[in-house]
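To start, the structure itself, in structure tokens.
Positions are given from 1 along the sequence. Scope of the values below: all heavy atoms of this structure, side chains included, with no hydrogens, waters or symmetry mates. Since we're looking at a predicted model, the values are computed, not measured.
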Amino acid sequence: APLTKESNGRRRPMFTRQESPVKLLKPCHSPAESLLSAQNRFEMNYRGIVTWVIIILFCSNIKNALSNIAKYGIRVRPLGVFTWFSEFFRDPYNWPCICLLLCYPVAVLIVFQVEKLLSQKRLNSKAGVVIHSITFSGILGIPTGVLFSVQHSAVASFLILLGYSILWLKMISYVEVNHWEREMVRGSYVPTNICECVLMYPIYLLNSFCVVKNESSKEVIVTYPNNLTYRDITYFVFVPTLCYELNFPRTEKIRIGFMLRRLAEFILLFQLLIFLVQQWLIPGIESSMKPLRDMELPQLVERVFSLAIPNHFIWLIMFYGYFHCYFNFLAEATRFADRSFYKDWWNAQTIRSFWTLWNVPTHRWLLRHVYKPMLSQGYSKTTTFFFVFLLSSFFHELLVSIPLRMIRLWAFMGMLIQVPFSIITERFFKGDYGNGAMWFSIMIGQPAIILMYVHDYYYL
């Protein structure tokens with residue numbers, strides 16, 4: 001082998017065993033695409049880029065926070081929540097809200113007694129339908145009329161109306177499930193096809209044959225009409241779901257530590273949400289009123305994009321605080337085992353899939369009590385899909401217009417316009433482009449609707 005001279009006069013081989021020419025002469029090129037080209041977008045590891053994006057977002061938001069404080073000062077009132085509660089109970093205009101809150105169990109009691117009488121055949125089905133119709137109309141109609149006609153706190157009105165809307169959905173499910181059970185027990189229900197029998201009523205068929213669910217735990221499966229008890233309907237009112245079942249999945253015990261962590265997270269996120277609203281969102285809305293009033297389109301578009309970031313942060317905090325912290329707290333306190341309150345909606349590639357993943361309890365209710373029954377009645381999927389969005393639009397508008405005591409239909413139209421938008425995105429935007437369209441509609445649509453309501457509330 002060729003030799004080379006070292007500084008001490010000794011000679012060593014020019015190529016060591018590890019640096020032999022055979023290895024060095026191996027080809028170092030092969031066909032490959034550039035790492036950032038479209039062909040490699042699913043094979044690339046984005047961990048470093050995600051870290052970089054997080055740092056950029058952190059730095060930019062720190063800059064925005066400092067600019068906000070320098071421009072508006074400290075607007076946060078740490079004890080504002082306690083002040084609001086003390087003023088709420090002292091203000092006579094808020095007493096109707098307190099009365100509505102105390103009347104909440106009355107509707108539950110009426111529905112329960114009617115179902116009890118129907119199970120005992122002491123009330124015929126036609127009379128039951130009439131009483132239930134009046135009760136359901138009152139559950140939504142009475143709070144809506146009282147809150148719309150009396151000056152009150154918008155926040156308190158929203159919370160009470162949300163509670164009555166949830167109660168309305170729960171009682172609809174309670175009545176329908178007991179109606180299905182009655183038909184199964186009396187033999188008046190005849191499945192039209194095997195799919196309806198398997199998809200709509202599997203638990204009811206099992207209940208006819210099962211007595212004990214688990215020999216070791218001795219958990220008895222409840223059958224109709226043994227489910228018609230005060231304890232059962234009270235449990236359903238507090239459990240974090242909208243769909244009634246005779247036998248909910250239960251956990252073995254309550255994890256106190258887990259429940260307290262969720263409660264602490266909910267309280268901290270609630271305080272953070274108030275901080276962001278007072279310090280960041282409200283000043284942005286106030287500065288947007290002039291271009292909105294004068295219809296200055298370029299400035300108005302700029303304000304919508306400026307509000308998109310704080311509004312989106314607040315929306316994400318509300319999602320995590322409500323769907324994860326609050327629902328898991330209730331589920332742990334009631335030993336409710338089904339914790340699937342949301343799915344990976346952030347990966348949704350269409351508007352339709354976003355709404356099925358974002359709010360799983362509401363999606364299950366609509367699927368079980370609206371979508372499938374309408375399909376079984378012969379309605380087309382397009383008609384049923386439109387009606388589902390129509391019902392959702394109604395509740396969105398109800399929860400905004402009534403607390404503000406004005407009917408403007410911005411939330412209603414914002415929800416309903418997603419039907420054609422969903423059709424367009426599903427046809428022309430696929431994969432990542434559809435996911436981008438979903439995120440864009442959320443981030444831009446919400447601040448635009450907020451500006452509309454604020455403008456109408458203060459200037460019309």
Side-chain angles (χ1 to χ4, degrees), residues 75-104 139-140 142-169 263 265-286 288-289 307 310-323 325-327 329-330 359 394-412 414 446-447 449-460:
R75 300 170 58 104
V76 179
R77 294 183 300 166
L79 301 179
V81 177
F82 302 101
T83 305
W84 181 86
F85 273 108
S86 63
E87 294 176 354
F88 174 79
F89 288 103
R90 287 201 300 261
D91 189 355
Y93 286 104
N94 291 323
W95 290 353
C97 296
I98 301 175
C99 294
L100 290 173
L101 189 62
L102 296 176
C103 293
Y104 196 86
I139 290 176
L140 282 184
I142 294 176
T144 300
V146 171
L147 297 176
F148 190 79
S149 58
V150 180
Q151 186 177 0
H152 45 68
S153 169
V155 176
S157 300
F158 170 79
L159 294 177
I160 290 175
L161 198 58
L162 176 64
Y164 272 96
S165 299
I166 293 174
L167 179 65
W168 188 84
L169 298 174
L263 179 60
E265 288 178 355
F266 178 78
I267 295 174
L268 290 175
L269 289 174
F270 180 72
Q271 293 294 330
L272 178 60
L273 186 143
I274 294 176
F275 171 83
L276 292 176
V277 169
Q278 293 179 345
Q279 187 66 43
W280 199 356
L281 187 64
I282 292 179
I285 292 176
E286 291 174 350
S288 304
M289 289 300 97
L307 287 172
N311 174 80
H312 194 62
F313 281 161
I314 293 170
W315 180 75
L316 290 176
I317 291 172
M318 291 177 61
F319 159 74
Y320 186 84
Y322 187 67
F323 285 95
C325 300
Y326 179 68
F327 277 5
F329 172 80
L330 285 181
N359 188 343
F394 166 76
F395 276 101
H396 277 79
E397 182 64 34
L398 181 73
L399 293 174
V400 178
S401 294
I402 301 304
L404 296 178
R405 301 177 65 209
M406 62 179 189
I407 307 297
R408 291 295 182 269
L409 300 181
W410 295 119
F412 181 85
Q446 291 179 359
I449 293 176
I450 290 174
L451 285 180
M452 296 296 182
Y453 276 106
V454 172
H455 173 267
D456 293 351
Y457 185 78
Y458 285 105
Y459 294 101
L460 293 184

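Between Leu140 and Phe395 the shortest side-chain heavy-atom distance falls below 4.5 Å.
Considering only residues two or more places apart in sequence or on other chains, Met406 meets the side chain to side chain contact (heavy atoms under 4.5 Å, CB included) condition with Leu404, Arg408, Tyr453, Asp456, Tyr457. By the ring pair (Phe, Tyr, Trp, His ring centres under 6.0 Å) test, Phe323 pairs with Phe319, Phe327, Trp358, sequence neighbours left out. Residues satisfying the side chain to side chain contact (heavy atoms under 4.5 Å, CB included) criterion with Ile314, sequence neighbours excluded, are Leu273, Leu276, Val277, Leu281, Met318.
For CH2 of Trp168, the number of neighbouring non-hydrogen atoms (other residues, nucleotides, ligands) closer than 6.0 Å is greater than 12. In Ile142, the CD1 atom is not crowded: 12 or fewer heavy atoms of neighbouring residues, nucleotides or ligands sit closer than 6.0 Å.
For the pair Val146 and Pro96, the tightest heavy-atom approach, listed with the atom from each and the gap, is CG1-CB, 3.8 Å. Closest approach of Cys97 to Leu147, counting heavy atoms only: SG-CD2, 3.8 Å. For the pair Pro403 and Leu398, the tightest heavy-atom approach, listed with the atom from each and the gap, is CD-O, 3.7 Å. Residues Tyr322 and Ile166 share a closest heavy-atom pair of OH-CD1, 3.8 Å. Nearest heavy-atom pair, Phe158 versus Leu399, reported as atom, atom and distance to 0.1 Å: CD1-O, 3.2 Å. Residues Phe394 and Phe412 share a closest heavy-atom pair of N-CD1, 3.8 Å.
Using bins of under 30°, 30° to 60° and over 60° for the plane-to-plane angle, the ring pair Tyr326/Phe266 lands in the tilted bin.
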When you look at His312 and Leu316, which way does the side-chain contact (heavy atoms from CB on, under 4.5 Å) test go after all the steps? CA-CA 6 Å; His312 194 62; Leu316 290 176; 3.8 Å; yes
Intermediate values then yes/no, side-chain contact (heavy atoms from CB on, under 4.5 Å), Cys325 and Phe270: CA-CA 11 Å; Cys325 300; Phe270 180 72; over 6 Å; no
Evaluate the side-chain contact (heavy atoms from CB on, under 4.5 Å) criterion for residues Leu272 and Leu268: first the C-alpha distance (whole Å), next the side-chain angles of each, then the deciding distance (0.1 Å), finally the verdict. CA-CA 6 Å; Leu272 178 60; Leu268 290 175; over 6 Å; no
Mind running side-chain contact (heavy atoms from CB on, under 4.5 Å) on Glu265 and Phe329 for me, showing each step along the way? CA-CA 10 Å; Glu265 288 178 355; Phe329 172 80; over 6 Å; no
